[in-house]
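Have a look at the structure below before the remarks.
One-based numbering, in listed order, for ligands and for the atoms of each.
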Amino acid sequence: MTDQAIKWWQKAVVYQVYPRSFQDTNHDGIGDLQGIIQHLDYLQKLGVDVIWLNPIYRSPNDDNGYDISDYQEIASDFGTMADFEELLKAAHDKGLKIIMDLVVNHTSDEHAWFKESRSNTTNKYRDFYFWRVGNAGNPPNNWDSAFGGSAWKYDEQTKEYYLHTFSTKQPDLNWENPQMRQSIYDMMNWWLKKGVDGFRMDVINQISKLPGLPDGPLKPHSKFGDARVTNGPKVHDYLQEMNREVLSKKDIMTVGETHGITPDDGVKYAGFDRQELNMVFEFQHLRLDNSQHGFGKWSTRKTSLVELKKVINNWQVALKDKAWNSLFWNNHDTPRAVSRFGNDSEQYRDVSAKMLATCLHLLQGTPYIYQGEELGMTNAHFKNLADYRDIETLNAYQDIVTKSHLLTNDDMMQRIEANSRDNSRTPMQWNTLVNAGFSDVTLWIKVNPNYSTIKVDAALVDKNSTWYYYQKLITLRHDYPLVTLGDFKLLLADDPNIFMYQRHWQGQTWLVICNFTEQTLNCPVNEYLNGREQQIISNYADDQHNNLRPYESKVYSM
Ligand code: GLC
Ligand code: CA
């Protein structure tokens, strides 16, 4: 690829805003669009190019906005369409793009289509969803919902079941229906006409279901990535059609959320010549600490660095020249990266957050920063179930502890503390005012008590902060084509402590070295340097060359 041929989104850094937890401006304890407008300067200063907004559409909020009751209205919690237009314009004026979350595997059960669909078996919207008669009083098949229990709910009105692979308030749309698909494309075109710059597509590889909806193997608590509902036979036809009808019409960016895919699948979804998506979020690297059996994500395993490197290497190599990677350590569904892969103790939090950033941002692909990651924000460490809000967490507790007594309260609470999605959903930490400056009233979810030390205002006055380190990494990406285009080569693949790789482009080589442990290690750097190297960035002030101090990361150019 030449420098000229590359697309804007290949050079971009994306910042994910979880609007509910970013900034409240109207004193209701919930973040809002005016709050995002207030902080556009902040994002511009950080240097990011694109903002991805989690869903801001009208929603009864059974799953924090991923249950949409009107795709073309703004949730009143967040503001009005006028606020959105103001945000879009203000962002564009600052050179920032905005991509929207697109949730079209399912709607809310309060969406007008579903209300019609549910009303009688002959309604013209009936077939927009999956309705089936039961099996002698049981659901039509044995599929589980990702949030626990059967994926089918019986509906009194017409005495049939509807499919919901997530909560009962998130009925799955039937992509077999051409009118349904056209309605979705019309809605997407409407947003593009408004000027949005692209879409992040929620669980997009689940839109094509297996014909006949057959029983699948029973996998208790497996959650997500289930072969019964992912990568169905027509998913690529649908995405190619969507590309023809919508995506190809404007110079936008798209990223699909795709659980349960391999690098080969990734090349299909995001291949340069496939006319589908620009890139996908794969989850292999975030599933290595799941338990192999039993409780899925509710596990206490640690990710092995050797396995992590293997997965990342597979993706870097398989997509090279064929497709494009997205790079991320965390999002609104995961624990905080520094608590999970680094070390959130007072001693090592800052240095390990910088190390993780170095490791990720110098790979090939488009990096995503989840709000607060640039401060090294940590897991919430809430000990009481009453402090959690997430439907997945609350349902899992019900299933595993209350109903089936598979784990004790204490055991499950530890797993929740490590893995709950609410870890990433606590409010953004701006300053030491009440509630971290997020809001001055009772909040929808508690703020992390560590905001007295981890906060924006302190980060901005300390030139050595994690924040400025992210800013520098973003600048490196913008300044050096090698970061976008360079070949990737993994070194020391079997080393259990060090993540080391080279990037190579037009006679220039960068060496990236990251210590993932709190030990001081000996590192054979000289073998890979030529004596004329220069240090590009490091999270320690001086260079001890062969010595790698706890969580040290450094980058040399040759
Ligand atoms: C995706 C979203 C998650 C949501 C689910 C159902 O995984 O990221 O937050 O609960 O889809 O829409
Ligand atoms: Ca508000």
With a 6.0 Å cut-off (strictly less than), is the heavy-atom count around NZ of Lys250, excluding the residue itself, greater than 12? yes
Heavy atom of Arg425 under 4.0 Å from ligand 1? yes
Heavy-atom distances under 4.0 Å decide this one: backbone, side chain, both or neither, for Phe147 against ligand 1? side chain
When Tyr66, Phe281, Tyr368 are each screened for ring pair (Phe, Tyr, Trp, His ring centres under 6.0 Å) with His332, the one that passes is Tyr66
Is there side-chain contact between Ile36 and Gln23, with heavy atoms separated by less than 4.5 Å? no
For the atoms O of Ile30 and OD1 of Asp24, give the angle they form at the Ca ion (ligand 2), rounded to 10 degrees. 80°
Run down the list Thr334, Asp202, Asn54 and name the one with the heavy atom closest to atom 11 (O) of ligand 1. Asp202
Just one of Asp422, Asp77, Asp28 clears the salt bridge (charged side-chain N to carboxylate O under 4.0 Å, His left out) bar with Arg20, so which one? Asp77
Of all N, O or S atoms in Asp28, identify the one at the shortest distance from the Ca ion (ligand 2). OD1
Test Ser108 against every option in Asp67, Asp62, Val103, Asp70 by the side chain to side chain contact (heavy atoms under 4.5 Å, CB included) rule and name the one that passes. Asp67
Quick one: which ligand 1 atoms are inside 4.0 Å of a heavy atom on His106? 6 (C), 12 (O)
Which ligand 1 atoms, with their elements, are less than 4.0 angstrom from a heavy-atom of Arg421? 3 (C), 4 (C), 9 (O), 10 (O)
Side-chain touch Tyr129/Arg118, heavy atoms, less than 4.5 angstrom: no
Is Gln206 close enough to touch ligand 1? Criterion: a residue heavy atom under 4.0 Å from a ligand atom. no
Spacing of CD belonging to Glu176 relative to CZ belonging to Arg181, to within rounding of 0.5 Å: 7.5 Å
Taking N, O or S atoms only and a limit of 3.0 Å, check whether Gly29 reaches the Ca ion (ligand 2). no
Side chain or backbone of Met201 under 4.0 Å from ligand 1, or both, or neither, by non-hydrogen atoms? neither
Going by the order shown, which atoms of ligand 1 are within less than 4.0 Å of some heavy atom of Val203? 1 (C), 7 (O), 11 (O)
Glu392 touching ligand 1 at heavy-atom level, < 4.0 angstrom: no
I'd like to know whether Trp430 forms a ring pair (Phe, Tyr, Trp, His ring centres under 6.0 Å) with Phe22, so could you lay out the CA-CA distance, the side-chain angles of the two residues, the decisive distance to 0.1 Å, and finally the verdict. CA-CA 9 Å; Trp430 297 105; Phe22 199 58; 5.2 Å; yes
What angle sits at the Ca ion (ligand 2) between OD2 of Asp32 and OD1 of Asn26, to 10°? 90°
Donor-acceptor side-chain pairing of Tyr57 and Gln72 below 3.5 angstrom: no
